[in-house]
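So the structure is just underneath, and the comments pick up after that.
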Amino acid sequence: QVQLVESGGGLVQAGGSLRLSCAASGRTFSNYGMGWFRQAPGKEREFVSAITGTVYNTYYADSVKGRFTISRDNAKNTVYLRMNNLKPEDTAVYYCAARVYAAISYSPDPAWYSYWGQGTQVTVSS
(Lines give C-alpha, C1' and ligand atoms only; values in the text may rest on other atoms or scores of the structure.)
Protein backbone atom coordinates (compact mmCIF):
# COMPACT_ATOMS: atom_id res chain seq x y z
CA GLN A 1 0.00 0.00 0.00
CA VAL A 2 1.32 3.42 -0.98
CA GLN A 3 0.18 6.56 0.78
CA LEU A 4 0.40 9.95 -0.90
CA VAL A 5 0.06 13.27 0.90
CA GLU A 6 -0.16 16.51 -1.05
CA SER A 7 0.57 19.96 0.29
CA GLY A 8 1.23 23.47 -0.95
CA GLY A 9 -2.14 24.49 -2.33
CA GLY A 10 -3.74 27.82 -1.59
CA LEU A 11 -5.15 31.05 -2.91
CA VAL A 12 -3.05 33.08 -5.31
CA GLN A 13 -3.64 35.95 -7.70
CA ALA A 14 -3.42 35.46 -11.42
CA GLY A 15 0.19 35.56 -12.53
CA GLY A 16 1.39 34.19 -9.21
CA SER A 17 3.15 30.95 -8.38
CA LEU A 18 2.72 27.96 -6.13
CA ARG A 19 4.69 24.79 -5.52
CA LEU A 20 2.82 21.62 -4.72
CA SER A 21 4.49 18.72 -2.96
CA CYS A 22 3.49 15.09 -2.74
CA ALA A 23 5.16 12.88 -0.16
CA ALA A 24 4.95 9.14 -0.79
CA SER A 25 5.39 6.17 1.50
CA GLY A 26 7.36 3.09 0.54
CA ARG A 27 10.96 2.09 0.09
CA THR A 28 11.01 1.85 -3.68
CA PHE A 29 9.90 5.34 -4.64
CA SER A 30 12.31 5.39 -7.59
CA ASN A 31 10.16 2.64 -9.14
CA TYR A 32 7.00 4.73 -8.96
CA GLY A 33 5.63 6.51 -11.99
CA MET A 34 4.19 9.74 -10.62
CA GLY A 35 1.55 12.06 -11.98
CA TRP A 36 -0.38 15.19 -11.16
CA PHE A 37 -4.02 15.57 -12.10
CA ARG A 38 -6.61 18.22 -11.38
CA GLN A 39 -10.35 18.40 -11.15
CA ALA A 40 -12.42 21.56 -11.31
CA PRO A 41 -16.04 21.67 -10.12
CA GLY A 42 -18.33 20.00 -12.62
CA LYS A 43 -15.47 18.74 -14.76
CA GLU A 44 -13.70 15.45 -15.18
CA ARG A 45 -10.31 14.80 -13.68
CA GLU A 46 -7.64 15.82 -16.17
CA PHE A 47 -3.97 15.07 -16.64
CA VAL A 48 -1.55 17.84 -15.75
CA SER A 49 1.94 16.34 -15.69
CA ALA A 50 3.91 13.15 -15.08
CA ILE A 51 7.46 12.07 -14.39
CA THR A 52 9.09 8.67 -14.66
CA GLY A 53 10.88 7.06 -11.75
CA THR A 54 14.52 6.86 -12.72
CA VAL A 55 15.17 8.51 -16.07
CA TYR A 56 13.10 11.52 -14.96
CA ASN A 57 11.33 11.92 -18.28
CA THR A 58 8.62 14.55 -17.93
CA TYR A 59 5.29 15.07 -19.67
CA TYR A 60 2.81 17.94 -19.63
CA ALA A 61 -0.68 18.77 -20.75
CA ASP A 62 -0.68 21.41 -23.46
CA SER A 63 -2.59 23.77 -21.17
CA VAL A 64 0.27 23.95 -18.67
CA LYS A 65 3.31 23.45 -20.87
CA GLY A 66 5.83 26.23 -20.32
CA ARG A 67 4.23 27.30 -17.04
CA PHE A 68 4.38 24.18 -14.84
CA THR A 69 7.43 22.10 -13.96
CA ILE A 70 7.34 18.65 -12.43
CA SER A 71 10.30 17.27 -10.54
CA ARG A 72 11.08 14.61 -7.97
CA ASP A 73 13.55 13.91 -5.21
CA ASN A 74 13.84 10.16 -4.83
CA ALA A 75 15.91 10.55 -1.65
CA LYS A 76 12.95 12.34 -0.05
CA ASN A 77 10.20 10.25 -1.64
CA THR A 78 8.67 13.46 -2.91
CA VAL A 79 7.39 14.79 -6.21
CA TYR A 80 6.84 18.49 -6.84
CA LEU A 81 4.79 20.61 -9.19
CA ARG A 82 6.01 24.14 -9.63
CA MET A 83 3.25 26.31 -11.09
CA ASN A 84 4.11 29.70 -12.52
CA ASN A 85 2.00 32.34 -14.24
CA LEU A 86 -1.14 30.86 -12.78
CA LYS A 87 -4.46 31.59 -14.46
CA PRO A 88 -8.01 31.49 -13.09
CA GLU A 89 -8.66 28.42 -15.24
CA ASP A 90 -6.00 26.57 -13.24
CA THR A 91 -8.35 26.63 -10.25
CA ALA A 92 -9.01 23.04 -9.22
CA VAL A 93 -8.26 20.36 -6.69
CA TYR A 94 -4.86 18.95 -7.56
CA TYR A 95 -4.17 15.27 -6.99
CA CYS A 96 -0.96 13.34 -6.87
CA ALA A 97 -1.01 9.79 -8.25
CA ALA A 98 1.39 6.87 -8.32
CA ARG A 99 1.86 3.58 -10.07
CA VAL A 100 4.43 1.16 -8.72
CA TYR A 101 6.87 -0.83 -10.86
CA ALA A 102 6.71 1.93 -13.44
CA ALA A 103 10.19 3.39 -13.29
CA ILE A 104 10.35 4.21 -17.00
CA SER A 105 6.68 4.45 -17.86
CA TYR A 106 4.00 7.09 -17.75
CA SER A 107 0.42 7.60 -18.81
CA PRO A 108 -1.99 10.54 -18.95
CA ASP A 109 -4.86 8.14 -18.19
CA PRO A 110 -5.93 8.35 -14.52
CA ALA A 111 -6.95 4.67 -14.66
CA TRP A 112 -3.27 3.73 -15.08
CA TYR A 113 -2.46 4.95 -11.60
CA SER A 114 -3.05 2.74 -8.57
CA TYR A 115 -2.72 5.20 -5.71
CA TRP A 116 -4.05 8.70 -5.14
CA GLY A 117 -3.61 11.43 -2.60
CA GLN A 118 -6.45 13.31 -0.96
CA GLY A 119 -5.96 16.40 -3.09
CA THR A 120 -5.03 20.00 -2.40
CA GLN A 121 -7.07 23.02 -3.45
CA VAL A 122 -5.56 25.62 -5.75
CA THR A 123 -7.59 28.78 -6.28
CA VAL A 124 -6.43 31.48 -8.66
CA SER A 125 -8.21 34.81 -8.44
CA SER A 126 -8.44 37.21 -11.35
Side-chain angles (χ1 to χ4, degrees):
Q1 188 77 6
V2 175
Q3 293 184 328
L4 303 173
V5 180
E6 301 103 332
S7 61
L11 173 64
V12 64
Q13 289 187 330
S17 298
L18 285 173
R19 189 181 79 158
L20 306 182
S21 299
C22 173
S25 65
R27 295 182 292 176
T28 59
F29 181 68
S30 61
N31 286 333
Y32 300 174
M34 300 297 298
W36 284 99
F37 291 77
R38 65 187 182 186
Q39 188 166 18
K43 295 187 177 181
E44 292 186 354
R45 191 167 298 190
E46 66 172 354
F47 172 75
V48 175
S49 183
I51 186 168
T52 56
T54 52
V55 183
Y56 290 23
N57 289 332
T58 58
Y59 307 88
Y60 298 94
D62 288 342
S63 59
V64 307
K65 203 171 292 184
R67 300 187 297 123
F68 291 11
T69 303
I70 191 171
S71 62
R72 65 190 293 161
D73 185 337
N74 285 347
K76 295 182 178 179
N77 279 23
T78 302
V79 63
Y80 304 97
L81 185 69
R82 176 68 179 182
M83 305 184 294
N84 294 329
N85 191 21
L86 283 160
K87 304 175 180 181
E89 52 264 42
D90 294 318
T91 296
V93 178
Y94 283 70
Y95 297 92
C96 173
R99 180 182 173 103
V100 299
Y101 307 117
I104 59 172
S105 304
Y106 109 98
S107 174
D109 183 354
W112 187 77
Y113 296 84
S114 305
Y115 301 98
W116 292 83
Q118 81 288 350
T120 185
Q121 177 71 46
V122 172
T123 303
V124 185
S125 63
S126 57

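Numbers for residues simply follow the sequence, beginning at 1.
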For Lys65, all residues meeting salt bridge (charged side-chain N to carboxylate O under 4.0 Å, His left out), sequence neighbours excluded: Asp62
Who passes salt bridge (charged side-chain N to carboxylate O under 4.0 Å, His left out) against Asp109, sequence neighbours left out? none
Any donor-acceptor pair under 3.5 Å from [X] side chain to [Y] backbone:
X: Thr120; Y: Tyr94; result: no
X: Asn77; Y: Gly26; result: yes
X: Asn57; Y: Ile104; result: no
X: Arg72; Y: Phe29; result: yes
X: Ser49; Y: Tyr59; result: yes

Indicate whether any N or O donor in one side chain lies under 3.5 Å from an N or O acceptor in the other, for Arg99 and Tyr113. no
Shared hydrophobic cluster, [X] / [Y] (ILVMFWY, side-chain heavy atoms < 4.5 Å):
X: Tyr95; Y: Val100; result: no
X: Ile51; Y: Trp116; result: no
X: Val48; Y: Trp112; result: no

Please report the closest heavy-atom contact between Ser126 and Pro88, naming both atoms and the distance. CB-CG, 3.9 Å
Grab the two heavy atoms, one from Pro108 and one from Phe37, that are nearest each other, plus how far apart they are. O-CE2, 3.4 Å
Is there side-chain contact between Trp36 and Cys96, with at least one heavy-atom pair below 4.5 Å? yes
Would you say the side chain of Leu81 lies within less than 4.5 Å of the side chain of Arg38, judging by non-hydrogen atoms? no
Check whether the ring centres of Tyr32 and Tyr115 lie less than 6.0 Å apart, and answer yes or no. no
Nearest-0.5 Å distance that lies between atom [atom1] in [X] and atom [atom2] in [Y]:
X: Met34; Y: Ile70; atom1: CE; atom2: CD1; result: 7.5 Å
X: Thr78; Y: Leu4; atom1: OG1; atom2: CG; result: 10.5 Å
X: Tyr80; Y: Ser7; atom1: OH; atom2: OG; result: 9.0 Å

Evaluate Phe68 against Leu86 for side-chain contact (heavy atoms from CB on, under 4.5 Å), listing each step before the verdict. CA-CA 9 Å; Phe68 291 11; Leu86 283 160; 3.8 Å; yes
Under 3.5 Å, sequence neighbours excluded: what are the donor-acceptor pairs made by side chains of residues 15-23?
| unit_1 | atom_1 | unit_2 | atom_2 | d |
| --- | --- | --- | --- | --- |
| Ser17 | OG | Asn84 | OD1 | 2.9 |

So does [X] have more than 12 non-hydrogen atoms from other groups sitting under 6.0 Å from [atom1]?
X: Tyr101; atom1: OH; result: no
X: Leu11; atom1: CG; result: yes
X: Gln3; atom1: CD; result: no

Should Arg67 and Asp90 be marked as a side-chain contact (heavy atoms from CB on, under 4.5 Å) after you check the CA-CA gap, both sets of side-chain angles, and the distance that decides it? CA-CA 11 Å; Arg67 300 187 297 123; Asp90 294 318; 2.7 Å; yes
Audit row: Gln118, Glu6, side-chain contact (heavy atoms from CB on, under 4.5 Å) steps and yes/no: CA-CA 7 Å; Gln118 81 288 350; Glu6 301 103 332; 2.8 Å; yes
Given the rule in the side-chain contact (heavy atoms from CB on, under 4.5 Å) test, do Gln121 and Thr91 qualify, once you have shown the distances and angles that lead to the verdict? CA-CA 8 Å; Gln121 177 71 46; Thr91 296; 4.0 Å; yes
Parallel, tilted or perpendicular: which one describes the rings of Phe47 and Tyr106, with boundaries at 30° and 60°? tilted
